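Notes to accompany the following structure.
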Amino acid sequence: MACILLIHGAYTGGWVWSRVAAELRAAGHHVLAPSLDGCAERAHLIRPGITTESQAEELAGLLFHEDLREVVLVGTSTGGMVLCRLAEIARARVGRLVFADALALRDGERVADIVRRPTAVSTALTTGPSREDAEGRLFAELEPGLRAWTLARYRQHPIAAMEAPVRLERFWDLPWPNSTVIWCRRSANPPQAHQRRTAESLNARWLELDTGHYPMLTEPVALARMILAGEGEG
């Protein structure tokens, strides 16, 4: 049995992993899919100071207090940034890394260095696509019923986590054996070149899904299988 921590990206929450989590649990694995600070059902807690680093520190506390070890960290989209910082500060509790169409920035890089967001609507504390852009572009690949379900749960993301440069003093210098990068062929962002950089830097397994940026919604069974592909190896 593996212990798997699923880390969501911007504008969503732990709910986005529900279908994948169900597949993994049915296979006998222990699965955690928390919503990050300031996101989803925790959006009412939005405040200054929520960053990629503070979200990672909270997850590190979860791993410590639950005394979890050899944890498979799975991050998607901006959740890849949180994954990297979490892995760096909780190295002794991490087993494998899985990047599912994820951002994996270098120390000092910002999201805007890799991804352009054409219709960002920002407040002092949050940022994200307009409602129209979320429906017509971000979630356009989803069938109508699933799109409506997703849009009802869409929320803007803590702004500092999207705009501040990431802090990763040691991550890229540490060995991360048996890592996996899953590229979604129909997803524009993160660009393929960015994800290739991640795979090459980590000497990671490269897997592909013929879907858009939300494989956890469109291809949950296939994604669950890819998450488990490295189990028993290394």
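The figures that follow rest on heavy atoms only: side chains count, while hydrogens, waters and symmetry mates do not. Since the model is a prediction, treat every value here as computed from it, not as a measurement.
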Residues Leu63 and Ala90: closest non-hydrogen pair is CD1-CB, 4.4 Å
Does atom CZ of Arg25 have more than 12 heavy-atom neighbours from other groups under 6.0 Å away?
yes
Note, Thr76 side chain near Thr12 side chain (heavy atom, < 4.5 Å)
no
Sort and list the pairs that fulfil salt bridge (Lys or Arg N to Asp or Glu O under 4.0 Å) and have at least one residue in residues 68-84, not counting sequence neighbours.
Asp67-Arg69
Quick one: does any side-chain atom of His194 pair with a main-chain N or O of Ala104 as donor and acceptor, under 3.5 Å?
yes
Are Val94 and Leu6 joined in one hydrophobic group, where the rule is that I, L, V, M, F, W and Y side chains link up if heavy atoms are under 4.5 Å apart?
no
Using the side-chain contact (heavy atoms from CB on, under 4.5 Å) definition, which of the options Leu223, Val31, Leu24 pairs with Trp17?
Leu223
So, the side chain of Gln55 versus the backbone of Asp37: is there a donor-acceptor pair under 3.5 Å, distance only?
yes
Same hydrophobic cluster for Val71 and Leu36, using side-chain heavy-atom links shorter than 4.5 Å among ILVMFWY?
yes
Would a hydrophobic clustering, with Ile, Leu, Val, Met, Phe, Trp and Tyr connected at side-chain separations under 4.5 Å, put Ile7 with Met216?
no
Could you state the interatomic distance from CG (Leu209) to OG1 (Thr218), rounded to the nearest 0.5 Å?
7.5 Å
Enter the distance from Leu73:CG to Arg93:CZ here, rounded to the nearest 0.5 Å.
12.5 Å
Quick check: does any side chain N or O of Glu66 sit under 3.5 Å from a backbone N or O of Leu68, one acting as donor and the other as acceptor?
no
Which class fits the ring pair Trp15 and Trp149: parallel under 30°, tilted 30 to 60°, perpendicular over 60°?
perpendicular
Taking the side chain from Glu109 and the backbone from Arg106, do they hold a donor-acceptor pair closer than 3.5 Å?
yes
Honestly curious: do Ile227 and Val221 fall in one hydrophobic cluster under the side-chain, below-4.5 Å linking rule?
no
Between Glu41 and Ser35, what is the shortest heavy-atom contact and its length?
OE1-OG, 2.9 Å
Given side chain to side chain contact (heavy atoms under 4.5 Å, CB included), test Trp183 with Leu207 step by step and report yes or no.
CA-CA 6 Å; Trp183 173 54; Leu207 300 175; over 6 Å; no
Any chance you could lay out the side chain to side chain contact (heavy atoms under 4.5 Å, CB included) test for Thr180 and Ile182, step after step, and finish with the verdict?
CA-CA 6 Å; Thr180 300; Ile182 302 168; 3.9 Å; yes
Value for CD (Glu23) from CG (Leu228), rounded to nearest 0.5 Å, stands at 10.0 Å
Mind running side chain to side chain contact (heavy atoms under 4.5 Å, CB included) on Thr211 and Glu141 for me, showing each step along the way?
CA-CA 9 Å; Thr211 188; Glu141 66 172 318; 3.6 Å; yes
Which donor-acceptor pairs under 3.5 Å do side chains of residues 121-129 form with protein atoms, sequence neighbours excluded?
{"residue": "Ser122", "atom": "OG", "partner": "Thr127", "partner atom": "OG1", "Å": "2.7"}
{"residue": "Thr123", "atom": "OG1", "partner": "Leu125", "partner atom": "N", "Å": "3.1"}
{"residue": "Thr123", "atom": "OG1", "partner": "Thr126", "partner atom": "N", "Å": "2.9"}
{"residue": "Thr123", "atom": "OG1", "partner": "Thr126", "partner atom": "OG1", "Å": "2.9"}
{"residue": "Thr126", "atom": "OG1", "partner": "Gln156", "partner atom": "OE1", "Å": "2.7"}

If you measure from OH on Tyr154 to CZ on Arg147, what distance do you get to the nearest 0.5 Å?
15.0 Å
Can Ser77 and His213 be said to form a side-chain hydrogen bond (donor to acceptor under 3.5 Å, both in side chains), step by step?
CA-CA 8 Å; Ser77 194; His213 188 54; 3.0 Å; yes
Run Glu58 and Arg42 through salt bridge (charged side-chain N to carboxylate O under 4.0 Å, His left out) and show every step you take.
CA-CA 13 Å; Glu58 184 178 62; Arg42 304 179 68 193; 2.8 Å; yes
Supply the atom-to-atom distance Leu202 CG to Arg197 CZ, rounded to the nearest 0.5 angstrom.
10.5 Å
So, does Arg47 use its side chain to make a donor-acceptor pair with the main chain of Leu45 at under 3.5 Å?
yes
Residue pair Pro220 / Arg19: nearest heavy atoms and the distance that separates them
CB-CB, 3.6 Å
Taking side chain as C-beta onward, heavy atoms only, is Leu5 less than 4.5 Å from Val74?
no
Close side-chain approach of Val20 to Leu217, heavy-atom, < 4.5 Å
no
Please determine if Arg185 and Glu219 form a salt bridge, counting it only when a charged side-chain N lies under 4.0 Å from a carboxylate O.
no
Are the side chains of Leu83 and Leu97 in touch, meaning some heavy atoms are under 4.5 Å apart?
yes
How close do Arg91 and Leu174 get, heavy atom to heavy atom, and via which atoms?
CD-CD1, 4.2 Å
With the 4.5 Å side-chain cut-off for hydrophobic clustering, are Leu142 and Tyr11 part of the same group?
yes
Checking side chain to side chain contact (heavy atoms under 4.5 Å, CB included) for the pair Cys39/Arg155: CA distance, chi angles, key distance, verdict?
CA-CA 7 Å; Cys39 301; Arg155 298 290 183 274; over 6 Å; no
Compare every heavy atom of Thr78 with every heavy atom of Ala10, then report the nearest pair and how far apart it is.
N-OG1, 2.9 Å
Which heavy atom in Ser54 sits nearest to a heavy atom in Gly49, and how many Å separate them?
OG-O, 3.6 Å
Do Leu138 and Asp133 have side chains that approach each other closer than 4.5 Å (heavy atoms only, starting at C-beta)?
no
Do Asp101 and Ser187 have a side chain donor and acceptor closer than 3.5 Å?
yes
For Trp176, is the NZ or CZ atom of Arg96 found under 6.0 angstrom from the centre of its six-membered ring and inside 45 degrees of the ring axis?
no
Look up atom CZ in Phe139 and atom OH in Tyr214, then write down how far apart they are to the nearest 0.5 Å.
4.0 Å
Table please: side-chain donor-acceptor pairs of residues 162-172 below 3.5 Å, with sequence neighbours left out.
{"residue": "Glu169", "atom": "OE1", "partner": "Arg85", "partner atom": "NH1", "Å": "3.0"}
{"residue": "Arg170", "atom": "NH2", "partner": "Glu88", "partner atom": "O", "Å": "3.0"}
{"residue": "Trp172", "atom": "NE1", "partner": "Leu105", "partner atom": "O", "Å": "3.0"}

